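Treat the numbers as computed from the prediction; the structure is a model and nothing was measured.
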Amino acid sequence: MIDPFRELATFLARAERLLERIEALLPPPAGAPDWSTAKAFRWRTQRGAGYLQPITRLPAIRLSDLRDIDDQKARIDANTRQFVTGRPANNVLLTGARGSGKSSLIRALLNEYAGAGLRVIEVEKSDLTDLPDIVELIDGRPERFIVFCDDLSFEAGDARYKALKVVLDGSLAAPPENVLIYATSNRRHLMPEYFAENLESRRAGEEIHPGEAIEEKISLSERFGLWLSFYPFDQDAYLDIVAHWLRSFGCDDQQIAAAGRDALNWALERGSRSGRVAWQFARDWAGRQNAQPERAPRAARRRPAKGR
């Protein structure tokens, strides 16, 4: 008769050896980065393990470069200043028109407050399920971290949606006081909304109460304490932004005035008068104005032969 205890011991020994072999194949845990080498980091995954990759080249954009969004700029600047000085501050959701300066604001804030200890960690939407690991990695550090999620949106049933809700305000554990989440999106509620969901709304007296599906979608946006909305620029604002960037590229007032019609045509071709379009036009126009004339072909430079 086989001894059941000896059989169990043999099984456990084999299982332990198997686990040792599997552990050898797993990637080592990611070590903490050298925090002194960079002001911004990007979360990367390799062979199933995540790590922070330093970003060594940052755009030199400043808050003063962002025009015609003064109210949004003032509000997020005040919130970030509160954060870096250790005062209470909110997570921020920036929504609205494309190319209106949402992502540029985050870059400008980093340049403004990096000297005061601000750091930014950029996380792709596909890696949002790693947010708890990222937060654990930076919890307790002396720096102040903004976790930046750009162009955020979800589909129904997306697991990353739940992960973000938990980190924002959905867990028994309090979020670290040195971490905020700043996210940009073209959708205010971050998830698609369907006409059929409006049929779930009910009336209570003179009040309208949304259905459960809409309430679920709104619940994520409500976890951001500060909402900032961005709108398309009118023609005057667009030309003002064009003038600012042309001036930064060394163009004088006469050149800027001459570029106005071309700037409007540029925007018309792209169907948008956004800050991004204005910056792209300024780069193109200033580059063409400052281009050196091409040298004439060698054959054309030869003096005509004398008659024989």
Side-chain angles (χ1 to χ4, degrees), residues 39-40 58-85 87-116 118-123 125 144-154 164 168-169 179-191 217-218 220-248 263 267 270-282:
K39 302 173 184 176
L58 294 172
I61 190 168
R62 312 296 300 190
L63 288 173
S64 58
D65 291 325
L66 302 174
R67 313 290 289 246
D68 295 280
I69 52 171
D70 295 339
D71 180 62
Q72 298 93 325
K73 182 166 58 174
R75 294 177 66 188
I76 196 172
D77 182 39
N79 189 75
T80 306
R81 187 165 57 250
Q82 291 166 208
F83 177 55
V84 298
T85 55
R87 291 178 286 161
N90 276 308
N91 300 303
V92 183
L93 177 61
L94 304 90
T95 64
R98 67 186 189 274
S100 54
K102 300 186 296 294
S103 302
S104 296
L105 259 178
I106 310 303
R107 302 182 186 104
L109 288 168
L110 176 60
N111 290 327
E112 186 75 18
Y113 293 107
L118 182 66
R119 300 292 182 266
V120 171
I121 297 175
E122 184 177 9
V123 181
K125 183 174 66 174
R144 317 291 287 181
F145 291 92
I146 289 176
V147 176
F148 174 45
C149 306
D150 195 21
D151 197 19
L152 199 59
S153 64
F154 301 98
L164 182 57
L168 283 168
D169 186 19
V179 180
L180 285 181
I181 293 179
Y182 283 14
T184 70
S185 178
N186 293 328
R187 295 174 178 170
R188 188 170 186 178
H189 291 154
L190 303 179
M191 296 185 70
K217 293 180 177 182
I218 294 175
L220 177 58
S221 299
E222 286 184 340
R223 282 171 163 78
F224 291 90
L226 181 60
W227 290 4
L228 298 177
S229 298
F230 293 74
Y231 306 97
F233 296 114
D234 60 23
Q235 179 171 302
D236 290 340
Y238 169 73
L239 290 176
D240 178 61
I241 298 171
V242 167
H244 169 77
W245 287 119
L246 286 175
R247 195 169 288 112
S248 73
R270 284 152 183 77
S272 172
R273 288 193 298 253
S274 69
R276 181 184 297 127
V277 169
W279 180 75
Q280 291 169 345
F281 167 78

Let's go through Arg270 and Ser272 carefully: what are the C-alpha distance in whole Å and the side-chain angles of both, what is the deciding distance for side chain to side chain donor-acceptor pair (under 3.5 Å) to 0.1 Å, and is it a yes or a no? CA-CA 5 Å; Arg270 284 152 183 77; Ser272 172; over 6 Å; no
Side-chain contact, heavy-atom cut-off 4.5 Å: Leu228 with Arg75? yes
Any side-chain heavy-atom pair of Phe233 and Ile241 under 4.5 Å: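 Yes, side chains in contact.
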Report yes or no: do Asp68 and Tyr231 form a side-chain donor-acceptor pair below 3.5 Å? no
Side chains of Arg276 and Ser274: any donor to acceptor distance under 3.5 Å? no
Identified side-chain contact (heavy atoms from CB on, under 4.5 Å) partner of Leu105 from the options Ile61, Thr80, Leu66: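 Among Ile61, Thr80, Leu66, the one meeting side-chain contact (heavy atoms from CB on, under 4.5 Å) with Leu105 is Leu66.
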Tell me which one of Thr184, Val123, Ile181 satisfies side-chain contact (heavy atoms from CB on, under 4.5 Å) with Phe148. Thr184
[atom1]/[X] to [atom2]/[Y] distance, rounded to the nearest 0.5 angstrom?
X	Y	atom1	atom2	answer
Arg81	Arg87	CZ	CZ	7.0 Å
Leu110	Glu122	CG	CD	11.0 Å
Lys125	Ser185	NZ	OG	8.5 Å
Ser100	Gln72	OG	CD	8.0 Å
Leu180	Arg144	CG	CZ	7.5 Å
Asp70	Asp77	CG	CG	11.5 Å

Does the pair Asn111 and Leu109 meet the rule for a side-chain contact (heavy atoms from CB on, under 4.5 Å), with working shown? CA-CA 5 Å; Asn111 290 327; Leu109 288 168; over 6 Å; no
Between Tyr238 and Val277, does a side-chain contact (heavy atoms from CB on, under 4.5 Å) hold up when you go through it step by step? CA-CA 9 Å; Tyr238 169 73; Val277 169; 3.9 Å; yes
Testing the basics here: between [X] and [Y], what is the closest heavy-atom pair and its distance to 0.1 Å?
X	Y	answer
Val242	Ala282	O-CB, 4.3 Å
Leu63	Lys73	O-NZ, 2.9 Å
Ala40	Leu58	CB-CD2, 3.9 Å
Val92	Asn90	CG2-O, 3.5 Å
Gln82	Ala89	NE2-CA, 4.1 Å

Determine whether Phe230 and Thr95 satisfy the following criterion, side-chain contact (heavy atoms from CB on, under 4.5 Å), listing intermediate values before the conclusion. CA-CA 6 Å; Phe230 293 74; Thr95 64; over 6 Å; no
Between Tyr182 and Asp150, does the side chain to side chain donor-acceptor pair (under 3.5 Å) criterion hold? Intermediate values first, please. CA-CA 8 Å; Tyr182 283 14; Asp150 195 21; over 6 Å; no
Do the side chain of [X] and the main chain of [Y] share a donor and acceptor less than 3.5 angstrom apart?
X	Y	value
Ser104	Gly101	no
Lys102	Asp151	no
Arg119	Ala114	yes

Is it the case that over 12 heavy atoms from other parts of the model lie below 6.0 angstrom from the NZ atom of Lys39?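 Check fails, neighbour count at 12 or below.
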Give a yes or no on whether Arg98 atom CZ has more than 12 heavy-atom contacts from other residues, nucleotides or ligands under 6.0 Å away.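 No, CZ of Arg98 has 12 or fewer neighbouring heavy atoms, counting only those of other groups under 6.0 Å.
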Tell me, with the steps shown, if Leu94 and Ile76 meet side-chain contact (heavy atoms from CB on, under 4.5 Å). CA-CA 9 Å; Leu94 304 90; Ile76 196 172; 3.9 Å; yes
